Amino acid sequence: MIKVLLADDQALVRAGFKALLDAQPDMTVVAEASDGAEAIRLAGEHQPDVVLMDIRMPGTDGLTATRQMPPGPHIIILTTFELDEYVFEALRGGASGFLVKDTEPAELIQAVRVVAAGEALLSPSVTRRLIAEYASRAKEPVAADGLDQITEREREVLSLVGTGMTNDEIAAKLFMSPATAKTHVSRTMMKLHARDRAQLVVIAYESGLVKPGWL
C-alpha cells in the first residue's frame, strides 16, 4: 500500500486528491497538511511513501518544506503553472518531479506509483525544458560532490540521464543492455548521493556535463 501525504493550503484541493487516491486499491492518504511546517511534522509521524506538495503555501512554503523534509518520502511538487520559477529549486532541494494541478486524474495516479517505485517524473518534455531554462542561469558550472569518484562510463551515462533519456535509450546509445545501463545509473546515484534520477539531472546540468539547449 502506497502511503500518501497531501500538503496544500486549499481544503477543497486536498479533498479532491484524497477522494481520488483513496479510491485506488494500492493507495491511502495517511495525513493532510495545510502548510509546509505541518507537512514536515506529519511526514515524521506517518512516514509516507509519497508527498504531494503544493509549492505556494502561506507560512512555510513547499520549497522550504521540500528541503527540510525528513529522509524517506518521495516528493511530487504541485504547481498551478508549468514553468513555476521555484520548480527547479524544488528539484535541486530533493523533489522527484512535478505536476501541474490540472493534470488528468489517471496521470496523477500513475505519477504517484512511479515516484513511489523510486523513479522520477522526468519524461514530460516540459520538465526537461524547465530544468534547462533554470540551469542555464547558473553563472559557472558547480562541481558536484563525488563527481571525481565516478568512472568515465558513469560520467557518460550521467550526461545522457541529464538529457532525459530512459535506461533503454541510454542502452541503445551506448550499445549495452538495459540492465547494464540501469546498473550504471544506480551506481552513479549512489556515488553522488542522489535520491533519484531527478537529482542526477540537476547534477548533470550544474556540473556542466549537459549544456542547456542540448534537448
Side-chain angles (χ1 to χ4, degrees), residues 2 4-21 24 27 29 31-40 42-43 48-70 73-138 162 164 194-206 212 215:
I2 301 171
V4 181
L5 167 63
L6 302 176
D8 195 296
D9 61 323
Q10 298 183 41
L12 190 59
V13 171
R14 296 199 309 273
F17 284 150
K18 178 177 171 57
L20 176 65
L21 298 175
Q24 307 308 308
M27 298 180 191
V29 174
E32 298 179 45
S34 58
D35 62 40
E38 188 178 19
I40 295 168
L42 291 174
D49 301 300
V50 176
V51 177
L52 292 179
M53 180 82 74
D54 184 18
I55 205 166
R56 299 175 183 273
M57 294 183 288
T60 303
D61 61 24
L63 177 58
T64 302
T66 295
R67 288 174 174 162
Q68 299 178 1
M69 190 63 57
H74 298 284
I75 302 168
I76 299 175
I77 295 295
L78 296 170
T79 177
T80 306
F81 307 103
E82 287 187 342
L83 295 181
D84 192 301
E85 62 184 297
Y86 297 116
V87 170
F88 180 74
E89 292 296 330
L91 292 174
R92 178 188 284 133
S96 294
F98 79 98
L99 291 172
V100 290
K101 285 188 175 181
D102 61 356
T103 295
E104 292 294 324
E107 293 179 7
L108 174 64
I109 293 167
Q110 179 63 17
V112 171
R113 292 187 177 123
V114 166
V115 169
E119 296 296 329
L121 295 176
L122 292 177
S123 54
S125 60
V126 66
T127 305
R128 298 197 294 271
R129 291 203 311 272
L130 179 137
I131 291 173
E133 177 178 345
Y134 289 103
S136 69
R137 298 185 181 186
R195 180 181 296 185
D196 55 28
R197 293 176 82 96
Q199 294 289 285
L200 287 184
V201 171
V202 172
I203 291 170
Y205 275 102
E206 292 191 327
L215 304 182

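Residue numbers run from 1 in the order of the sequence given. Predicted, not measured: the structure shown is a model, and the values here were computed from it. Keep in mind that the numbers below use all heavy atoms, side chains included, and drop hydrogens, waters and symmetry copies.
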Does the side-chain contact (heavy atoms from CB on, under 4.5 Å) test come out yes or no for Met27 and Ile109, once each step is laid out?
-> CA-CA 9 Å; Met27 298 180 191; Ile109 293 167; 3.5 Å; yes
Under the side-chain contact (heavy atoms from CB on, under 4.5 Å) criterion, do Leu52 and Leu21 qualify, and how do the steps go?
-> CA-CA 11 Å; Leu52 292 179; Leu21 298 175; 3.8 Å; yes
Between the CE atom in Met53 and the CD1 atom in Ile77, the distance rounded to the nearest 0.5 Å is 6.0 Å
Applying side-chain contact (heavy atoms from CB on, under 4.5 Å), run through Asp54 and Thr79 and close with a yes or a no.
-> CA-CA 6 Å; Asp54 184 18; Thr79 177; over 6 Å; no
May I ask you to test the Leu200-Val202 pair for a side-chain heavy-atom distance under 4.5 Å?
-> no
Any side-chain heavy-atom pair of Leu99 and Glu107 under 4.5 Å | no
Can Phe98 and Ile55 be said to form a side-chain contact (heavy atoms from CB on, under 4.5 Å), step by step?
-> CA-CA 10 Å; Phe98 79 98; Ile55 205 166; over 6 Å; no
Mind checking whether Gln68 and Thr64 have side chains closer than 4.5 Å, heavy atoms only?
-> yes
Heavy-atom side-chain contact between Asp8 and Lys101 under 4.5 Å | yes
Within a strict 4.5 Å, meaning less than it, do heavy atoms of the Ser96 and Ile76 side chains meet?
-> no
Are any non-hydrogen side-chain atoms of Val4 and Val51 less than 4.5 angstrom apart?
-> no
Indicate yes or no: at least one non-hydrogen side-chain atom of His74 is less than 4.5 angstrom from one of Met69.
-> no
Could you check Leu78, Leu12, Val112 and say which one makes a side-chain contact (heavy atoms from CB on, under 4.5 Å) with Phe17?
-> Leu78
Polar side-chain atom of Thr66 near backbone of Gly62 as donor-acceptor pair, under 3.5 Å = yes
Any side-chain heavy-atom pair of Glu32 and Glu38 under 4.5 Å = no
Asp61 CG to Arg67 CZ distance, which is reported to the nearest 0.5 Å = 8.5 Å
Is Arg14 salt-bridged to Asp9, cutoff N-O under 4.0 Å?
-> no
Rounded to the nearest 0.5 Å, the CG atom of Leu108 sits from the CD atom of Gln24 at a distance of 9.0 Å
